[in-house]
There are 2 protein chains.
Amino acid sequence: MFYFYSQYLTLYTQSHLATGHSTCHDKFKNSGRLGSLSNTDKQARHSFTDIEKKILPEGFSNIDEGKDTWSDAHANFLSSLSKVETHDLLKISRRMNLKSRDHLFRAGDRSNDVYIVAGGCIRLFQVSSTGKETILWFSFPGEIFGMSELWRGSDRQIHAVANEATQVYSVSHKDFTYFLGTHPEAAMKAIGILSARVRALGHALVGLASDNVETRIARLLVRFATISSGTRCCADSTEGELCVNVRLTHQDIANLIGASRQTVTTTLAHLRKQGAVRAVNQHIHIVQPEHLRHLLKKGAA
Amino acid sequence: MFYFYSQYLTLYTQSHLATGHSTCHDKFKNSGRLGSLSNTDKQARHSFTDIEKKILPEGFSNIDEGKDTWSDAHANFLSSLSKVETHDLLKISRRMNLKSRDHLFRAGDRSNDVYIVAGGCIRLFQVSSTGKETILWFSFPGEIFGMSELWRGSDRQIHAVANEATQVYSVSHKDFTYFLGTHPEAAMKAIGILSARVRALGHALVGLASDNVETRIARLLVRFATISSGTRCCADSTEGELCVNVRLTHQDIANLIGASRQTVTTTLAHLRKQGAVRAVNQHIHIVQPEHLRHLLKKGAA
DNA sequence: TGACTATTGTCGTCTGGGCGACAAATATGC
DNA sequence: GCATATTTGTCGCCCAGACGACAATAGTCA
């Protein structure tokens, strides 16, 4: 299902992940897309300065600039930091490699480090007593997570699992707090990130309370398409088409929007029949963005 | 740990609003509610030191101490600040008095001040195109709100309306940003507040996606009872009973948990028949907290 | 390449709860 | 103290969507 290869994944894949033969894309793909990636292996090892160079200048949107509520909710913490801040932060961080489905932490864990995604994708979710999983958030490269549990001094409330092979930087609670205290600008940016998350969760809440499944799916697709915009999908894509460049199973979507898997399958099939979306290489393309936006207009959030 | 509505409201009512004879419950009574407010004009003007004296020494819980996810979500920003911070913050604030149902801001407004509730209660909500209202948050005395929209540089997304006669301090975006920048400790506390809100919204989301209406109502009641604990309800209350010391119509509850008003009425009647709750003076008492907690255990969030 | 697991696609069946429509009970403004 | 507005309480109808049950693919790994 999809690859979330947006700019991020490509970026990171090239500089950090690439093991020379296997990239995240390989997991999903059998043919072309990955061909280009394999070349990257040569320059696999990196230094922090590498990272700075790679991440900062790519022109990611500043947290202030986002016009879309959803996309700025996925504001890139790392890229919003200055060179010095990035350096100081990475200095106190520890890099970790996770295989797909590795748990970073579980509900009930004592750990309360903060994490920043280097490459890949982390799924943040809760599990109910009946086993139902509700995904609260996907964290993509550059994003920070775990922050909102820092000041609780209590157990983790949620689970964090690598959705694919993922690399994260972990920073201890203590160090991170110290970092924020000594870098007021960064603290302000952290506030911005949390603010964005509050808004996004608020939106999700309103949508869940007011909209039907079709609208919620439409919103999700548009949102993820926005997040992964800027990547030209390697597959053939018609003009005006948006690519939802993230690997999502129907079950994932269901857990994300609070619906059952079957309903998601059916609704997606329906949208496909209408010609609003189509499946391309395990991921979704929005053929008629307007069709979905029209749905959203009728919706609430 | 938390009491708020109680201590705070009482506190403020007495010092600013009040009249010395009117406590929070009076609001709920037919006669007292507004009557008391008119009296306040006499001593309406206050000094900052008044506020400091009144607010700070009461030993409100620090945002770090909360054990309950819900209640610390209503962490008291103002009381967590130091004397100096409070002083500096109030210095740049402007006090506003709102009548019940006054709009503080609406979706689409350009204003992006930050507000701190002095007394009363602010309802933060969104309205869908069909007119359905979804309440995201109630802000009680000491709480700060509007913060999460500061860094957007865009229109307000939500509405803020006084749920009853309410007093707030407003601080301009610019001043507040400057305040945080010059008071790193306060900035950290702001991060703590936002974190709590992220957690609370996450909970709400999971609950909405997984639990039925009865469980959601139970959770809401327990949560609000916790917020308002510490107040001995003026009405007769049996030992072990919890008082939900907030004025909520069934419609409010419905908007809060994403259900229809009728269902709320029915479910509440059901809980009453079971002897789990009872109505006292326009508000609800939880007669059997265990009954509700049992429901929550079966639930998800 | 074959065995296994994960994902997708489709049915019926069944129900929680939305919604319109009232009537009764309260609250609030004048 | 009345007139109006708001809130509560109850029905019955109806449907979006949950859920169980399979079958068909597609993907993974030894």
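Within every chain, numbering begins at 1; the chains are lettered A, B, ... in the order of the sequence lines, protein sequences first and strands thereafter.
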Correct closest heavy-atom pair for B/Leu221 and B/Val244 would be O-CG2, 3.7 Å

B/Arg272 and B/Val277: which non-hydrogen atoms are nearest, and at how many Å? CG-O, 3.3 Å

Between P of D/dC19 and NE2 of A/His250, the distance in whole Å: 18 Å

Partners passing ring pair (Phe, Tyr, Trp, His ring centres under 6.0 Å) against A/His159 (at least two apart in sequence or in another chain): A/Phe125

Between D/dT8, C/dG9, D/dT7, which nucleotide has the shortest distance from any of its atoms to the side chain of B/Arg101? D/dT7

Distance (rounded to the nearest 0.5 Å) between B/Arg123 CZ and B/Leu248 CG: 10.0 Å

Just how far, in rounded Å, is C1' of D/dG9 from CZ of B/Arg272? 9 Å

For B/His285 and B/Cys243, which heavy atoms make the closest approach, and how far apart are they? NE2-SG, 3.4 Å

In whole Å, what is the span from the NE2 atom of A/His270 to the P atom of C/dT10? 13 Å

What is the nucleic acid contact for B/Thr249, judged by heavy atoms within less than 4.0 Å: base, sugar-phosphate only, or nothing? sugar-phosphate

Integer-rounded Å distance: C/dT26 C1' and B/His283 NE2: 17 Å

Please report, rounded to the nearest Å, how far the C1' atom of D/dA18 is from the CG atom of A/Leu208. 14 Å

Per-nucleotide protein contact string for nucleotides 12-21 of chain C (B base, S sugar-phosphate only, - none; heavy atom under 4.0 Å): -----SSBBB

Using whole Å, what does the distance between atom P of nucleotide D/dT8 and atom CD of B/Gln251 come to? 9 Å

Whole-Å distance between D/dG9 P and B/Ile253 CD1? 10 Å

In this structure, how many angstroms lie between the P atom of C/dT28 and the CD atom of B/Glu164, rounded? 12 Å

